[in-house]
Structure formats: structure tokens, C-alpha cells
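In this text the structure is predicted, and so the values were computed from the model without any measurement. Residue numbers run from 1 in the order of the sequence given. Just so you know, ligand 1 is whichever comes first in the structure, and atom 1 is the first atom listed for that ligand. Quick note: numbers below take in every heavy atom, side chains included, and nothing from hydrogens, waters or symmetry partners.
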Amino acid sequence: MVQALDVHKRYGQLEVLKGINLEVRPREVFCLVGPSGSGKSTFLRCINHLEKVSAGSLSVDGELVGYRRHGNRLYELKESEIARKRAEIGMVFQRFNLFPHMTVLENVMEAPVRVRKEAKAVVRERAMTLLDRVGLKAKHDAYPGQLSGGQQQRVAIARALAMQPKLMLFDEPTSALDPELVGEVLDVMRQLAEDGMTMVVVTHEMGFAREVGDALVFMDGGVVVESGHPRDVLTSPQHARTKAFLSKVL
Ligand code: ADP
Ligand code: MG
């Protein structure tokens with residue numbers, strides 16, 4: 001579903017990704033962990049076409065989305081193709097970013113109706129099904145401000161799913177939540193994984209990674225330091241940097 005070959009990303013002189021190689025298989029829950037500033041969000045933004053790779057090749061769903069050699073541009077998607085591809089990828093951020101002046105149901109319906117011009121009746125039915133799935137059908141008429149952080153994040157997940165994405169990206173989806181609200185969001189993500197969604201999850205929730213994850217990559221300083229099955233990496237990390245990081249978050 002995602003294949004990165006020697007992916008580099010540079011902001012001016014600052015090289016943030018220094019040759020990332022990894023592969024996310026269909027239906028896999030792929031956990032990305034690492035210290036702040038290691039390039040995790042940047043990598044997700046490259047997958048989602050919010051950033052262009054500086055060098056290397058990145059393909060999503062079997063389609064090349066960025067391919068460059070150092071200094072020598074070889075391949076890039078057109079803007080119209082980027083918009084189409086981005087609609088196939090759902091993203092959930094640390095901050096829920098719901099539209100405050102719209103109800104829960106309107107938030108979930110917004111993108112399919114406005115971006116994809118789907119019929120309202122069809123989208124409404126799908127949105128209600130999704131709200132049921134995240135346990136918030138009864139709140140469809142509420143405004144985001146009337147919901148807890150955990151409920152808002154569950155709406156954000158339903159909103160991303162409303163576009164029927166092939167791939168879901170989660171960037172620290174529970175980091176901004178009060179501890180007692182983390183579980184309900186992880187439960188929704190666990191259910192989504194059981195339903196077969198391909199997911200790339202940046203998280204510090206190692207319990208989730210161990211129980212739900214199929215693969216785990218530890219990143220530091222823009223490189224993949226270590227990767228493997230979450231159980232193996234978390235119980236017997238091979239590198240000193242991985243050990244040091246895990247001793248802080250476990
Ligand atoms: P992480 O998500 O692992 O905490 P990020 O991908 O957010 O790391 O950031 C990695 C590095 O890239 C940081 O040093 C950050 O300051 C830098 N960075 C991220 N986005 C930009 C940008 N748009 N311009 C310049 N530097 C950036
Ligand atoms: Mg980040």
C-alpha cells in the first residue's frame with residue numbers, strides 16, 4: 001500500500017528525512033514511533049501529498065507519487081492527480097480540526113458532498129452508519145464544542161472514513177487527550193483495524209502498538225533505526241537509541 005525507497009525530504013539546508021525505506025502492506029497496522037523531531041509527521045505528510053519528496057521514490061497503492069533523484073527531477077504527479085490521490089487517504093491529526101459551526105453530522109458529510117459532489121441522501125446514510133460505528137450516532141446533531149476531546153476525535157475518524165479511503169494515517173491521535181479519554185479512541189482504531197483498514201499510526205501508545213500493530217518502525221534523526229514485529233521490537237530492541245527511547249515511553 002505504501003512503498004518508500006530511499007526517501008529524502010529537505011527544508012532548505014535542513015534534511016529531515018535521510019533515506020527512508022519501508023513498506024506498508026494492505027490491511028496492515030503499521031506503527032511509526034520515535035522521538036519528537038525525528039521526521040514522523042513529515043513522512044506522513046509525504047504519503048498524503050502535503051509535502052513533496054526531495055529525493056527517492058514513494059508509491060501509494062501501487063502508484064508512484066513522488067520520484068526524484070538528487071537535484072534531477074524525474075517524476076512528479078500533476079496537481080489534479082494529487083487532489084484525486086489525496087482524497088483516497090484519510091488523515092487524523094493530534095488536534096481534531098472539526099468545523100466548529102457545523103454539527104457532528106454536517107462535519108462528517110462535508111467532504112463527500114463538497115469535494116466529491118456525492119448525493120446528500122447517500123452521504124447522510126453513510127455518515128450515520130459511520131457515527132454509529134464510532135459510538136456517536138446519538139450525538140449527530142451536537143456541535144463539536146459540546147463534545148469531549150475523545151468524542152471529537154472519534155468524529156474526526158468518522159469524517160475521514162466518510163471519503164471511503166484506502167489508507168488511514170493517524171498522527172498522534174491521542175496525544176492531545178486527557179488520559180481517561182485515550183481508550184475510547186484507541187478502541188475505535190482497534191475496531192477499524194479488525195475491519196481490515198490499512199493504517200499508518202504515529203503513536204506513543206506502546207500497548208496499542210503491541211496489541212494491534214502488525215509492524216513497527218522506530219525512527220530517529222530522519223532514518224529508520226530499527227523495524228520489525230511490534231512484539232519483537234518492544235520486548236527486545238536491538239539498538240541503543242531504541243532502548244533509550246522505549247525506556248522513556250513504556
Ligand atoms: P516528528 O513528527 O517526528 O516530531 P517532524 O516531521 O514534525 O517530526 O519534524 C522533523 C523536523 O523537521 C523538525 O526538526 C522540524 O522542525 C522540521 N520541519 C518540519 N516541518 C518543517 C517545515 N515546513 N519547514 C522547516 N522545517 C520543518
Ligand atoms: Mg509529529
Margin query: With heavy-atom distances below 4.0 Å as the criterion, list the atoms of ligand 1 near S38.
Written below: 1 (P), 3 (O), 8 (O)
Margin query: Under the criterion side-chain contact (heavy atoms from CB on, under 4.5 Å), I'd like the reasoning laid out for L17 against H8: C-alpha separation, chi angles, the key distance, then a yes or no.
Written below: CA-CA 5 Å; L17 301 178; H8 291 251; 5.5 Å; no
Note to self: For I20 and M219: C-alpha separation, side-chain torsions, deciding distance, then whether side-chain contact (heavy atoms from CB on, under 4.5 Å) applies.
What the structure shows: CA-CA 9 Å; I20 301 291; M219 266 176 79; 3.9 Å; yes
Item checked: Pi-cation contact, Y11 with K9 (under 6.0 Å, within 45°) -> yes
Checklist line | Q146 side, atom CD; K139 side, atom NZ - distance, nearest 0.5 Å | finding: 8.0 Å
Note to self: With a 3.5 Å distance limit and no angle check, can you tell me whether T242 reaches the backbone of P237 through a side-chain donor-acceptor pair?
What the structure shows: no
Check: Protein heavy atom under 4.0 angstrom of atom 21 (C) of ligand 1, is there one?
Finding: yes
Note to self: Please list the nearest protein heavy atom to atom 8 (O) of ligand 1 with its residue and the distance rounded to 0.1 Å.
What the structure shows: G39 N, 3.2 Å
Next item on the list: Considering only non-hydrogen protein atoms, determine which one is nearest to atom 15 (C) of ligand 1 and report residue, atom name and distance to 0.1 Å.
Entry: L14 CD2, 4.9 Å
Check: Heavy-atom distance to atom 2 (O) of ligand 1: which of S41, P35, S36, G37 wins?
Finding: S41
Notebook entry, point to check: Closest approach of A209 and L216, non-hydrogen atoms and distance?
Noted result: CB-CD1, 3.9 Å
Note to self: What protein heavy atom lies closest to atom 19 (C) of ligand 1? Include the residue and the distance to one decimal.
What the structure shows: Y11 CE1, 3.7 Å
Checklist line | Protein heavy-atom partner closest to atom 6 (O) of ligand 1 - residue, atom, separation in Å | finding: T42 OG1, 2.5 Å
Item checked: Q94 backbone or side-chain N/O/S under 2.8 Å from the Mg ion (ligand 2) -> no
Checklist line | atom 26 (N) of ligand 1 within contact range, any protein heavy atom under 4.0 Å | finding: yes
Notebook entry, point to check: Atoms of ligand 1 less than 4.0 Å from V16 heavy atoms?
Noted result: 10 (C), 11 (C), 12 (O), 17 (C)
Next item on the list: Compare every heavy atom of R114 with every heavy atom of K117, then report the nearest pair and how far apart it is.
Entry: NZ-O, 2.9 Å
